[in-house]
Amino acid sequence: MKTPPESFLIFKEELKKARLEKERLQREYESKLANMNNELERLKEQIAAQQELMKTTLEYAIRLEENLDSFKVEVANAPTLKKKSFH
């Protein structure tokens, strides 16, 4: 049996190296993609928590405003308390 030409052996070796490099790059890409997905998930959780905090803060501010409005009405409707004197 005839031995293959040297150029074929070199090409075969280069092809093997390229295949190994491709596999290495694919593993690296998949690892980076997994890390980015984890980071994205963490950021989504943080955003959700901040949105919930903002929602709670707005609800509290609205409730305070309503209490203040009812207090103003209560004070305005109590003219007899204004006329009393403790002297």
Side-chain angles (χ1 to χ4, degrees):
M1 189 168 181
K2 227 170 150 186
T3 58
E6 187 177 334
S7 60
F8 175 76
L9 294 175
I10 292 172
F11 175 76
K12 189 175 175 182
E13 187 64 29
E14 291 297 318
L15 189 61
K16 183 179 177 182
K17 286 179 187 178
R19 194 175 304 122
L20 291 174
E21 179 67 11
K22 179 183 171 188
E23 290 172 3
R24 184 191 68 78
L25 288 173
Q26 185 171 358
R27 285 191 304 271
E28 185 179 329
Y29 168 78
E30 288 171 355
S31 173
K32 286 183 179 183
L33 186 61
N35 288 340
M36 288 178 67
N37 283 335
N38 290 339
E39 184 70 17
L40 183 61
E41 195 60 38
R42 190 177 67 82
L43 290 173
K44 284 180 182 179
E45 289 174 6
Q46 287 181 342
I47 290 170
Q50 289 176 352
Q51 285 176 333
E52 186 62 32
L53 180 63
M54 289 174 62
K55 179 182 170 189
T56 304
T57 303
L58 284 173
E59 289 171 354
Y60 180 69
I62 290 168
R63 194 168 55 246
L64 283 178
E65 189 175 10
E66 289 169 353
N67 289 344
L68 182 61
D69 289 342
S70 66
F71 181 70
K72 285 180 183 178
V73 169
E74 193 177 306
V75 168
N77 291 336
T80 56
L81 294 177
K82 291 180 185 175
K83 294 180 182 176
K84 287 186 179 179
S85 175
F86 294 107
H87 297 279

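Because the structure is predicted, anything quoted here is derived from the model rather than measured.
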Nearest-0.5 Å distance, [atom1] of residue [X] to [atom2] of residue [Y]:
X   : Y   : atom1 : atom2 : answer
N35 : L40 : CG    : CG    : 12.5 Å
L64 : D69 : CG    : CG    : 11.0 Å
Q46 : K44 : CD    : NZ    : 13.5 Å
L43 : E39 : CG    : CD    : 5.0 Å

Side chain to side chain, V75 and K72, heavy atoms closer than 4.5 Å: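 No, side chains not in contact.
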- prompt: Which pairs pass side chain to side chain donor-acceptor pair (under 3.5 Å) with one or both residues in residues 48-65, sequence neighbours excluded?
  reply: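 Residue pairs with at least one partner in residues 48-65: there are none.
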query: What pairs meet the side chain to side chain donor-acceptor pair (under 3.5 Å) rule with one or both residues in residues 9-26, with sequence neighbours excluded?
result: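 Sorted result for residues 9-26: E21-R24, R24-E28, Q26-E30.
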task: Could you pull out all residues at least two apart from E66 that satisfy side-chain contact (heavy atoms from CB on, under 4.5 Å)?
output: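 Testing E66 for side-chain contact (heavy atoms from CB on, under 4.5 Å), a comparison that skips the adjacent residues, returns I62.
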